[in-house]
Amino acid sequence: MQTLPTDPTATATGTDDDKPRTAMVPWWLAAVAGVTAAGAALAVAELLAGLAARIPSLIDAVADLVVENGFEELDDFSRSTFGTGQKTALLTGIPLSCLALGAVIGVLARKRRSVGVAAFAAFGVVGAYATWSDELASTGWGIVAAVVAAAVGAAALTGLLSAAQHRAGGADDTGVGAMAGFMAERRRFVAAGGSLALGSIFAGWLGTFLQNRRSVEGDRAEVAESIGSGDVAVDGGSTAVPADVATFDDLDGLADLITPNDDFYLIDTAVSKPLLDIDSWRLKVTGMVDQEVEFTFSDLLDMDVVEAPVTLSCVSNQVGGDLVGNAIWRGVRLTDVLDRAGVDPATATQLVGRSADGWTAGFPTELAFDGRTALVAFAMNDEPLPVEHGFPARLVVAGLYGYVSATKWLTEIELTTWEAFDAFWVPRGWAKEGPIKTQSRIDVPRNRAEVPAGLTAVAGVAWAPDRSVDRVEVRIDGGNWVEASLSGELSEDSWRQWLYEWDAPAGDHTIEVRATDGTGEPQTAEEAPPRPDGATGYHSIDVAVI
Ligand SMILES: Nc1nc2c(c(=O)[nH]1)N[C@H]1C(S)=C(S)[C@@H](COP(=O)(O)O)O[C@H]1N2
Ligand SMILES: [Mo]
């Protein structure tokens, strides 16, 4: 075995830095150096983001940027297969792409180190730009994080490439394995690269750990006390239905009349959910108002607090889909909030809700004043709003799809005109107005289920907020519509369960459902996709009766 000098600077074969006469680093070694350098840059950025809440995670910021600009059909995508998995895919895809780019940069930087430095500088610019468009983060700190990360990446790359040029020489003839031979020959590279890689893994892990540890559960517990949830657990939520309202909750597979918070669908563009501090949180009412006003959380609690069951639905819900839920919301009336500012719906024709992370939703101001349920809500099923549902406050407007109304992490209500502003989803191909269409869904039996012949329960839910559901009918194999029985009605904003006892004959059958709203208008049979203003048509399932 070769005797190795203990002092790495004592090697005679290596040449430092940019001296062009040195033998070129093999491309694969340069690729390894590039990957390691990119990893170090990412890790440092995540560590900084972990150390201070004000410093944004560059990965999150880039993911947000992709969501906001890349995915026009986010709502469509997130509906089925991808689900929240789409965001997870982004959060792993972005670092993986960075590492892959790092490999390319490493190879390109073999001849000229300046190419590597320039590439990392470009990385930094992208990171800084992404944090600049992130409303929750301080832009200044975002730029600091990006500059530090880029500098670490560039330094790591040049350092590793230099280390890679040091060959301790002659290891191939020692008879030891190829790996050991390589290690001996490139020991400076192995030592530098190995410790950098290990350090990066640790820094990245620590940064992610610190970021994930952040929570607002303390604030939520405080809110639980002040909203009088009493001894209601902070994560359970009460879904107790009033005694005088009949339900079919006992039926297996049927959606509960009140959706538990943990089962309530989730749709938003936020890659990491805003964690808002209850003491510094403010709700501002701005724009075309008599005077702009600002509410603290306790200002809201001092107002008249009301509670209302409201069914919320996503415009991208397919016929038969599950992007719909029914919760009891508690908060203050939107009109009470608007009255403090002084709003004239005849001139200020659009109400825009804005979230802490810059998302927007807008609807005609007159709808806030037409008598429907419209709340600045802070509790959901007797529990402070869960973080993912908008803690500490959100809008809930009965009868409007979420994308035009239900702003989570609400920080501002701006009064403007209908023409002056298009909220987040409007330029992305969704209708500017979003009234919820009457819909019904079959939960039991499941599509393509095998059902034993004889009496069997066919059941589901139907909704038409804020018009109420008056009738639900079922049709077997295109025959006559027969009326199903209905659960009690929590409110006209709330969905109803329906149940039909079917005497099922053997064979293959198709079951369809339709609802009629409180105005006597039956659900339309005409099939329409979710885009641009909500899916229509009858939910239909096929079953095999045996
Ligand atoms: N801040 C913010 N609020 C938002 C959204 C969003 O992306 N960001 N999505 C809206 C949409 S499209 C829907 S359907 C509802 C869903 O509310 P949920 O996730 O509590 O069910 O929230 C609305 N509020
Ligand atoms: Mo939605």
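We count ligands from 1, going down the list as the structure has it; atoms in each ligand are counted the same way.
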Check: Any idea which atoms of ligand 1 are less than 4.0 Å away from a heavy-atom of F264?
Finding: 21 (O)

Next item on the list: Show which atoms of ligand 1 fall inside a sub-4.0 Å distance from at least one heavy-atom site of Y403.
Entry: 11 (C), 12 (S)

Check: Any N/O of I267 closer than 3.5 Å to an N/O of ligand 1?
Finding: yes

Next item on the list: Before signing off on this row, confirm whether A406 and ligand 1 have an N or O atom pair separated by under 3.5 Å.
Entry: yes

Item checked: W132 atom CH2, over 12 foreign heavy atoms within 6.0 Å -> no

Note to self: For F424 and W359, take the angle between the two ring planes, folded into 0 to 90°, and tell me which bin it lands in: parallel under 30, tilted 30 to 60, perpendicular over 60.
What the structure shows: tilted

Note to self: When you compare ligand 1 with Y265, is there at least one nitrogen or oxygen pair between them that comes in under 3.5 angstrom?
What the structure shows: yes

Notebook entry, point to check: Hey, is C314 touching ligand 1 through its side chain, its backbone, both or neither, going by heavy atoms under 4.0 Å?
Noted result: both

Checklist line | Close-contact set for ligand 1 against L266 heavy atoms, below 4.0 Å | finding: 19 (O)

Checklist line | Modelled atom types, side-chain donor and acceptor of Q523 and S440, under 3.5 Å | finding: yes

Next item on the list: Report yes if some N/O of D268 lies less than 3.5 Å from some N/O of ligand 1; otherwise report no.
Entry: no

Note to self: Counting only nitrogen or oxygen atoms and a 3.5 angstrom limit, does T269 reach ligand 1?
What the structure shows: yes

Notebook entry, point to check: With no hydrogens and no angle check, do the side chains of D256 and T259 hold a donor and an acceptor under 3.5 Å apart?
Noted result: no

Note to self: Using 30° and 60° as the class boundaries, would you call the ring planes of F264 and H389 parallel, tilted or perpendicular?
What the structure shows: perpendicular

Check: Quick one: does ligand 1 sit under 4.0 Å from the side chain of W409, the backbone, both or neither, non-hydrogen atoms only?
Finding: side chain

